[in-house]
Amino acid sequence: MKPTDLIVTPSHLRFLNRKFPRSIGKGGITASKLEGDGATPRGSHRLVGMLYRPDRIRQPTDWATPIHNGDLWSDDPTQDDYNLMVRAPYIYSHEKLRRADPLYDLVIVTDWNWPVATKGAGSAIFIHRWRKPGHPTEGCIGLHPDDLAWIAPRLTPTSRLIVL
């Protein structure tokens with residue numbers, strides 16, 4: 001483990017030798033992730049992208065990609081584009097990336113079950129802002145928005161999310 005890795009411990013997230021409060025999935029941490037279980041998958045996950053709302057925040061890094069109207073994330077395991085970003089109109093199960101609330105104003109994308117997804121093994125594990133302190137996610141990692149904004153530009157190409 002390196003200081004530039006995001007380490008999820010039982011009580012906090014550690015990055016660059018600092019501790020941050022965090023939220024995890026309502027299903028706890030699991031070694032056997034399934035679609036819809038609300039759990040955060042244990043293990044080491046590469047960071048493969050960063051998405052942001054350019055109408056709400058400044059680009060946090062030069063490699064961050066803007067979220068546009070119609071950007072969605074497929075969470076339908078019956079589809080070939082399961083666990084990939086897709087565009088509206090999309091009639092299958094999905095999450096809107098451009099939300100009315102600020103939850104996805106800044107999203108760090110991990111390689112959980114990506115780019116070639118195993119059907120039903122769970123879609124997108126993101127690092128995003130939390131709804132409120134201690135409020136569980138659907139399996140992602142939630143952070144205070146100020147902490148997420150501080151962390152994002154300090155990530156390196158070799159940073160990983162490590163869930164203990």
Side-chain angles (χ1 to χ4, degrees), residues 1-52 60-61 63-65 72-86 93-97 99 103-164:
M1 289 184 263
K2 309 177 305 288
T4 55
D5 288 334
L6 298 156
I7 312 296
V8 177
T9 75
S11 61
H12 61 274
L13 181 140
R14 190 173 63 242
F15 178 71
L16 291 178
N17 299 313
R18 292 179 60 175
K19 293 180 180 180
F20 300 91
R22 61 34 175 189
S23 294
I24 60 170
K26 63 186 177 188
I29 293 175
T30 185
S32 304
K33 176 84 180 125
L34 298 172
E35 184 65 42
D37 66 2
T40 301
R42 183 181 321 278
S44 177
H45 313 287
R46 289 180 308 118
L47 306 181
V48 296
M50 187 180 300
L51 309 171
Y52 75 102
T61 68
W63 53 277
T65 304
L72 311 170
W73 198 275
S74 173
D75 59 10
D76 190 328
T78 67
Q79 297 307 303
D80 289 340
D81 46 20
Y82 171 57
N83 201 27
L84 295 172
M85 185 184 279
V86 294
S93 181
H94 63 271
E95 279 194 77
K96 289 183 179 179
L97 293 174
R99 297 169 56 110
L103 200 68
Y104 287 173
D105 285 1
L106 176 56
V107 175
I108 300 164
V109 183
T110 74
D111 71 345
W112 173 255
N113 201 20
W114 179 95
V116 179
T118 299
K119 305 291 184 179
S123 58
I125 297 300
F126 295 148
I127 303 165
H128 58 74
R129 71 184 289 161
W130 61 23
R131 293 181 191 280
K132 60 185 175 184
H135 187 81
T137 68
E138 295 299 315
C140 297
I141 304 298
L143 297 171
H144 186 282
D146 293 340
D147 295 340
L148 182 60
W150 186 87
I151 290 169
R154 290 169 174 82
L155 293 170
T156 72
T158 61
S159 294
R160 298 169 295 168
L161 172 67
I162 299 174
V163 181
L164 301 177

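Positions are given from 1, in the same order as the sequence printed here.
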Value for CZ (F20) from CD1 (I151), rounded to nearest 0.5 Å, stands at 4.0 Å

When you compare the side chain of E35 with that of S123, does any pair of heavy atoms fall below 4.5 Å? yes

What distance separates W73 CH2 from D81 CG, expressed to the nearest 0.5 Å? 11.0 Å

Could you tell me if the side chain of N113 sits less than 4.5 Å from the side chain of K33, heavy atoms only? no

Nearest 0.5 Å, what's the OH-CG distance between Y52 and D105? 12.0 Å

W112 and H45 have their tightest heavy-atom pair at CE3-CE1, 3.6 Å

For R160 against M1, the heavy-atom pair lying closest together: NH2-CA, 3.7 Å

For P136 versus G25, what's the shortest heavy-atom pair and its separation? CB-C, 4.2 Å

Where D146 and H144 come nearest, the two heavy atoms and their spacing: N-ND1, 3.0 Å

Backbone of L164 reached by a side-chain donor or acceptor of R42 within 3.5 Å: yes

Residues L51, L97; criterion side chain to side chain contact (heavy atoms under 4.5 Å, CB included); working and verdict: CA-CA 9 Å; L51 309 171; L97 293 174; 4.1 Å; yes

Whether W150 and F15 hold their rings parallel, tilted or perpendicular, with breakpoints at 30° and 60°: perpendicular

pair V86-Q79: side-chain heavy atoms closer than 4.5 Å: no

Going from OG on S23 to CZ on R131, what distance comes out if it is rounded to the nearest 0.5 angstrom? 10.5 Å

Min side-chain heavy-atom separation T40-V8 under 4.5 Å: no

Which atom of P60 lies closest to which atom of L106, heavy atoms considered: CG-CD1, 3.6 Å

State, without any angle test, whether D76 and S74 hold a side-chain donor-acceptor pair at a distance under 3.5 Å. no

Less than 4.5 Å apart, side chain to side chain, heavy atoms only: is that true for Y104 and H128? yes

D75 side chain to H94 backbone, donor-acceptor under 3.5 Å: yes

Flag side-chain contact, heavy atom, 4.5 Å: D147 against P21: yes

Is it the case that over 12 heavy atoms from other parts of the model lie below 6.0 angstrom from the NZ atom of K119? yes

Tell me whether N83 contacts the main-chain N or O of A124 through its side chain, where contact means a donor paired with an acceptor under 3.5 Å. yes

Tell me the closest heavy-atom pair linking M50 and A152, and the distance in Å. CE-O, 3.6 Å

Heavy-atom donor-acceptor pair, Y82 side chain to G122 backbone, under 3.5 Å: yes

With respect to L13, which candidate in I141, I162, I7 satisfies the side chain to side chain contact (heavy atoms under 4.5 Å, CB included) definition? I141

Is L6 close to I127 at the side-chain level, that is, under 4.5 Å between some pair of heavy atoms? yes

Value for NZ (K132) from NE2 (H135), rounded to nearest 0.5 Å, stands at 6.0 Å

Is there side-chain contact between T110 and F126, with heavy atoms separated by less than 4.5 Å? no

Donor-acceptor contact below 3.5 Å, side chain R154 vs main chain T4: no

Could you grab the distance from atom CH2 of W114 to atom CD1 of I125, nearest 0.5 Å is fine? 14.5 Å

Member of T156, L161, T158 meeting the side chain to side chain contact (heavy atoms under 4.5 Å, CB included) criterion with L47: L161

